[in-house]
2 protein chains.
Amino acid sequence: MLCPNCYADSHILQLAEIFRLMGDPTRLKILVACVGKPRAVGDIAAEVGASPSLVSHHLRLLRAARILRKTRQGKQAFYSPADEHISHMLVDMLDHVSEAPDDHVDAEVED
Amino acid sequence: MLCPNCYADSHILQLAEIFRLMGDPTRLKILVACVGKPRAVGDIAAEVGASPSLVSHHLRLLRAARILRKTRQGKQAFYSPADEHISHMLVDMLDHVSEAPDDHVDAEVED
DNA sequence: CCAATATATGAACATATGTTCATATGTATG
DNA sequence: CATACATATGAACATATGTTCATATATTGG
């Protein structure tokens, strides 16, 4: 912790933007698909079950936020994590929800 | 990592929901305000500069997702992290964006 | 250059989401 | 009980957002 209870507003906004991008199921699937080895757009589309067009739209957003980076090889564009810290966090959180007792599917909360 | 490249769809959805909730600036500020010690609704509202009504709406969502938990003391309702793992991650990510070179405010990305 | 493949982009649209305002509920104290 | 304070809830609304479809832009090979 750098400065307890005193985070700059701009940092909160930056972080919220990152979370917002990861907060869409399709986009999160795309992200997860890119963790590990660089993936081509078409392959990602097939893996997550979305159109290449949609995947490309989302990849653009993830790239603009510097969450993914792009490298071209021939006709294909490969995407991979631009930030190891974020991808580590992602895997960590994924393990977290995987281990957690998956009650509370959407439940109400009593007092 | 539990099962490399093989995360259940439901887990991705769960995680996306968590990220979605943290992806709103107001809600993220509320969350951050609750990390550390339990906070009353009115105090949170004052700290993040939002109406008590709005804060209450957001708290309800964060509580439904089991990100925050509620305890009453007299007239006031205190909210605190329900999940240490999430709050640790939050602080960690906050440090991450605080340390990072804050170029790319919103920039376009060249090829 | 032309065709074929892979990706990207823009407009349009339906839906979701954050916020506000008015009002209700709860809780202590006189 | 009545008043005051703290929080919660519901409806309404403006705006943002994910998706689709059509089309454009690479890039390679003939």
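Below, chains carry the letters A, B, ... as their sequence lines are ordered, and counting in each starts from 1. Here the structure is a predicted model, which means the values were calculated and not measured.
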* Check if the side chain of A:Ser53 and the base of D:dT19 share a donor-acceptor pair of N or O atoms closer than 3.5 Å. =>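 Donor-acceptor pair under 3.5 Å: no.
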Side chain B:His96, main chain B:Asp92, donor-acceptor under 3.5 Å: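 No, because the side chain of B:His96 does not come within donor-acceptor range (under 3.5 Å) of the backbone of B:Asp92.
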### side-chain contact (heavy atoms from CB on, under 4.5 Å) assessment of A:Val97 paired with B:Ile18
CA-CA 10 Å; A:Val97 298; B:Ile18 294 175; 4.1 Å; yes
**Item:** Distance, rounded to the nearest Å, where B:Ile44 contributes CD1 and D:dT7 contributes C1'
**Value:**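 In whole Å, D:dT7 C1' lies 11 Å from B:Ile44 CD1.
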>> Measure CZ/B:Arg63 against C1'/D:dT9 and give the value in whole Å, please.
In response: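 For the pair B:Arg63 CZ and D:dT9 C1', the rounded distance is 13 Å.
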Margin query: Can you tell me if B:His57 is stacked onto the base of D:dT9, using a 5.5 Å centroid cut-off and an angle below 30°?
Written below: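 The base of D:dT9 is stacked with B:His57 (centres under 5.5 Å, planes under 30°).
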Next item on the list: Assess whether one donor atom and one acceptor atom, taken from the side chain of A:Ser51 and the base of D:dC21, lie less than 3.5 Å apart.
Entry: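 Not at all, since no donor on one side and acceptor on the other fall under 3.5 Å apart.
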How many Å lie between CZ on B:Arg72 and C1' on D:dC5, as a whole number?
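It is 11 Å, rounded to the nearest whole Å.
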**Prompt:** With respect to the phosphate group of C:dG18, does any side-chain polar atom (N or O) of B:Arg27 fall under 4.0 Å of OP1 or OP2?
**Reply:**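 Checking B:Arg27 against C:dG18: at least one side-chain N or O falls below 4.0 Å of OP1 or OP2.
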Exercise. Output yes when at least one side-chain N/O atom of B:Lys70 is less than 4.0 Å from OP1 or OP2 of D:dA8, else no.
Key: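 For D:dA8, OP1/OP2 do have a side-chain N/O of B:Lys70 under 4.0 Å.
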field: Heavy-atom pair of closest approach, residues B:Leu28 and A:Ile12
entry: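 Looks like CD2-O, 3.4 Å.
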Just the rounded figure in Å: distance from P of C:dA6 to CG of A:Leu59.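 Atom-to-atom, A:Leu59 to C:dA6, this comes out as 16 Å.
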Nearest to the B:Ser56 side chain among C:dG18, D:dT9, C:dT7, which nucleotide is it?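 Out of C:dG18, D:dT9, C:dT7, the nucleotide with an atom closest to B:Ser56's side chain is D:dT9.
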query: For B:Lys29 and C:dG18, what is the distance between atoms NZ and C1' respectively, to the nearest whole Å?
result: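 Between C1' of C:dG18 and NZ of B:Lys29: 13 Å.
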Taking for each residue the nucleotide of DNA chain D with the nearest heavy atom, is it A:Gln73 or B:Ala77 whose nucleotide lies nearer the 5' end?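 First, find each residue's nearest nucleotide; the 5'-ward one identifies B:Ala77.
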Can you tell which of D:dC21, C:dT17, D:dT7 lies closest to the side chain of B:Arg20?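 When the side chain of B:Arg20 is considered, C:dT17 is the closest of D:dC21, C:dT17, D:dT7.
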**Asked** Nearest to the side chain of B:Lys75, which nucleotide is it out of C:dT5, D:dA6, C:dT19?
**Response**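 Of C:dT5, D:dA6, C:dT19, D:dA6 is nearest to the side chain of B:Lys75.
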| Atom CG of B:Leu61 to atom P of C:dG18: distance rounded to whole Å? |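 One finds 7 Å between P of C:dG18 and CG of B:Leu61, rounded.
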*What's the shortest heavy-atom distance between B:Phe78 and B:Pro38, and which atoms?*
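Looks like CD2-O, 3.8 Å.
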| field | Inter-residue atom distance A:Arg69.CZ - A:Thr71.OG1, 0.5 Å rounding | value |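 Atom-to-atom, A:Arg69:CZ and A:Thr71:OG1 are 6.0 Å apart.
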Checklist entry - With a non-hydrogen cut-off below 4.0 angstrom, is B:Tyr79 in contact with a base, only sugar-phosphate, or nothing? => result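 Touches sugar-phosphate only.
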Check your understanding: Between C:dA8, D:dT19, D:dT9, which nucleotide has the shortest distance from any of its atoms to the side chain of B:Arg60?
Key ->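 Among C:dA8, D:dT19, D:dT9, the one nearest the side chain of B:Arg60 is D:dT9.
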* **Validation row: A:Ser80, A:Arg39 side chains within 4.5 angstrom (heavy atoms)** =>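 SC-SC contact between A:Ser80 and A:Arg39 ruled out.
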To the nearest angstrom, how far is A:Glu17 atom CD from D:dT17 atom P?
->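 Taking atom P of D:dT17 as the reference, CD of A:Glu17 is at 8 Å.
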Touch check for B:Ala40, heavy atoms < 4.0 angstrom, all strands: base, sugar-phosphate only, or nothing?
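Touches sugar-phosphate only.
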Task: Closest nucleotide among D:dT7, D:dT19, C:dT7 to the A:Leu54 side chain - done: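 Among D:dT7, D:dT19, C:dT7, the one nearest the side chain of A:Leu54 is D:dT19.
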Original post:
Taking OP1 and OP2 of C:dT19, is either one under 4.0 Å from a side-chain nitrogen or oxygen of B:His58?
Top reply: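 Result: yes.
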Under the rule of Watson-Crick or G-U wobble with both distances under 3.5 Å, where | means paired to another strand and [ ] a crossing pair, DNA chain D maps to ||||||||||||||||||||||||||||||
Q. Is the backbone of A:Leu21 close enough, under 3.5 Å, to the side chain of A:Arg27 for a donor and an acceptor to pair up by distance?
A.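 Yes, the answer is positive, given that a donor and an acceptor are paired below the 3.5 Å cut-off.
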Handout entry: Note: B:Asp9-A:Lys29 ion pair, threshold 4.0 Å (strictly below)
Key =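 Salt bridge: yes.
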To the nearest angstrom, how far is B:Gln76 atom CD from D:dA8 atom C1'?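 Nearest whole value for this atom pair: 15 Å.
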